[in-house]
2 protein chains.
Amino acid sequence: MDKKKETITIYDVARVAGVSMATVSRVVNGNSNVKPATRKKVLGVIEQLGYRPNAVARGLASKKTKTVGVVIPDISNAFYSEVTRGIEDIATMYRYNIILCNSDLQQERETQLIETLLEKQVDGLLFLGGNVREEHLRIYEHTNVPVVLVATKVEDNALPAVGIDQHEAAYDATVHFIQGGHKKIALIGGPLTDLVKGYPRYIGYKHALEEHQIEFDEHLIRIGDYRYDSGYQAMSTLLSLTDVPTSVVVLSDEMAVGAIHAILDNGKKIPEDIEVIGYNNIPIASQVRPLLSTVDVPMYDLGAVAMRLLTKYMHGEEVQTGQVTLPHSLKLRSSTRPLGSIEGEQS
Amino acid sequence: MDKKKETITIYDVARVAGVSMATVSRVVNGNSNVKPATRKKVLGVIEQLGYRPNAVARGLASKKTKTVGVVIPDISNAFYSEVTRGIEDIATMYRYNIILCNSDLQQERETQLIETLLEKQVDGLLFLGGNVREEHLRIYEHTNVPVVLVATKVEDNALPAVGIDQHEAAYDATVHFIQGGHKKIALIGGPLTDLVKGYPRYIGYKHALEEHQIEFDEHLIRIGDYRYDSGYQAMSTLLSLTDVPTSVVVLSDEMAVGAIHAILDNGKKIPEDIEVIGYNNIPIASQVRPLLSTVDVPMYDLGAVAMRLLTKYMHGEEVQTGQVTLPHSLKLRSSTRPLGSIEGEQS
DNA sequence: CTGTTAGCGCTTTCAC
DNA sequence: GTGAAAGCGCTAACAG
């Protein structure tokens, strides 16, 4: 029997089972007020007819879609895909579906995606990375859909957010080198106009130097786009300095791997000649030689906590705006020397 | 004025603009049969009220959601995320939205996701990688929703699919080594029970040897799970052979990078001592030292072509079942020696 | 060009 | 426990 073509509805099930639509609806939704015998009969008919509930109709009638929208800047970025894993696991647990959308780092597309998601009547929205702009805020203001930011934040903490302390993480990485006796510590960072990552991390680096009376030297600063090539480029120019740095804090693992290769291609040794520390601890950090020391960011947890927060929010619980800060740590591998093994090569 | 709380509908717009719902619907949907003046007025009211069309209601009424579901085995796999890019670009072009779902390689979840997507009334379905099982086929049989497979296929070519010739690609890689004078060519592959990738690639390798009268040696075969660690492991055991291979075909780039590191950690040189060739040409292939030679698979195009095919299918055009095969090639970098530079070290 | 009128398939009071 | 009936917000004939 070919079940193609004819869509079978709750009405069909009701008719065949000899009950009302309401009853069928009750058993489909696990409502307890149904006599076991009736339930069994209905379930049988559902099976027999191959009935599949229409989520669109349900969404319209109940004004709930059990769906949350996730806007992600770049799906091929390991950081975000790991965060997404955390989101998905918790969403599955609470029986929410995810609509994952890729903004591809384009602002226009970002706004458009949020609009589309709202049109689709998602019950909640997770916005990852990227900059939250005026435009977004205006959209959020005019909707009742709960929004949680992940790995980004907004001025005035107007929205709930989950992230780490970017300033402190960069500070910690820099201090590690200072404690190792380094004086010439270079930085390969992100655009300083990026108020979420680039700038606060830069300031963290700077503060570390200041607090330890190390002179800040702007020649040791390079700005990349967080990707491999820019890390390679940046490191290459650093290597051409007359006074080559003895260590470098790189504010993304991908750039750090690029930097490592630039150093290696230059004939220098890691960590003997130059030590490198990355940021995020994505898989590639342990798939490169030497193994990359890096700031360990709890990516999965970022997603999981955010999704958990969102479920509370969607269920009407009060949710604080402002950031929930998750802990980070330093994951030391072989692109840095163990502390205590300092030789005297930095003047 | 706070637009929160009250949902404003097409009816509100109609009332304020002094027209009928039908007219509002027409302008929202870009129907040309509206007097410019009327259109303008309606548009004004929409703007003023901040009206946002309800896609759920529209979906119910029109029986079209302009949404396609994409089931992907692993979002953190670079291969699939690149394919997804291709899908997204074409989808955007044809004004379709994407619901991206991650099955996490779990079969049960795969089936469940397909069901959910169907409940959500997607207009089409793209199924990436993974094995298409009986269970799926049964679901597909009972629905009118067009399905296109990407980077996988099914027995009897029962469904339209887009992919490359796996057999030939592995064959080509192997032949490259044979032409380079190699006799001891190892293979790090995937499970032979995997009829989509593992097995056909293995057969491609085997055929290449056979056709060139090179003895097949099962000691040179290792099976991994396509990931870094398994590549490292596999290569390590290959390295401990009394008769170490002089070249190795690795059926995923991640495993290939693992293999490279195993070789390097073993103190051997690439490509001088051992040549390595990978598979897929994901970004990491050009972010490793030495740069990885690999089978260049048109990942983006796989996605783009599949999505294009699906749009045709959704628009009622006849679509052939069976695979559309896209071309692949060898991308030679520095983990292999240039052909013609053969020295005599293979006996 | 524009309005009227049925539904789309389901949930949800409100009765019984 | 179960049913009847009123929508949810929108589209799509059909009329005019």
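Labels below follow one simple rule: chain letters A, B, ... track the order of the sequence lines, proteins then strands, and each chain is numbered from 1. None of these values were measured; they are calculated from a predicted model.
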Residue-phosphate contact under 4.0 Å: [X] side-chain N/O, [N] OP1/OP2:
X       : N     : answer
A:Tyr11 : D:dG3 : no
B:Asn33 : C:dT2 : no
B:Thr23 : C:dT2 : no
A:Arg58 : C:dG9 : no
A:Thr38 : D:dT2 : yes
B:Lys63 : C:dG9 : yes

If you take atom types as modelled and just measure distance, does the side chain of A:Arg39 reach the base of D:dG1 with a donor-acceptor pair under 3.5 Å?
no
Could a donor-acceptor pair under 3.5 angstrom be found where the side chain of A:Arg52 meets the base of C:dG9?
no
Between [Y] and [X], is there a side-chain donor-acceptor contact under 3.5 Å, judged purely by atom types and distance?
X        : Y        : answer
B:Lys120 : A:Thr67  : yes
A:Asp89  : A:Tyr300 : yes
A:Tyr226 : A:Asp194 : yes

In whole angstrom, give the distance that lies between atom [atom1] of [X] and atom [atom2] of [N].
X       : N      : atom1 : atom2 : answer
B:Met21 : D:dC10 : CE    : C1'   : 6 Å
B:Arg26 : D:dG9  : CZ    : C1'   : 17 Å
B:Leu49 : D:dG9  : CG    : C1'   : 15 Å
B:Asn31 : C:dG3  : CG    : P     : 13 Å
B:Ile46 : D:dG9  : CD1   : P     : 16 Å

Hey, does [X] reach any base, or is it just sugar-phosphate, or nothing, if we go heavy atoms under 4.0 Å?
X       : answer
B:Ser62 : sugar-phosphate
B:Val19 : sugar-phosphate
B:Asn54 : sugar-phosphate
B:Val28 : nothing

Let me spell it out: for each of B:Leu60 and B:Ser20, pick the nucleotide of DNA chain C with the closest heavy atom. Which residue's pick is nearer the 5' end?
B:Ser20
Under 3.5 Å, which donor-acceptor pairs do the side chains of residues 33-42 of chain B form with other protein atoms, sequence neighbours left out?
from    : atom 1 : to      : atom 2 : distance (Å)
B:Arg39 : NH2    : B:Asn31 : O      : 3.0

State which of C:dG9, C:dG3, D:dC10 makes the closest approach to the side chain of B:Ala61.
D:dC10
When A:Lys312, A:His315, A:Arg308, A:Lys66 are each screened for side chain to side chain donor-acceptor pair (under 3.5 Å) with A:Tyr94, the one that passes is A:Arg308
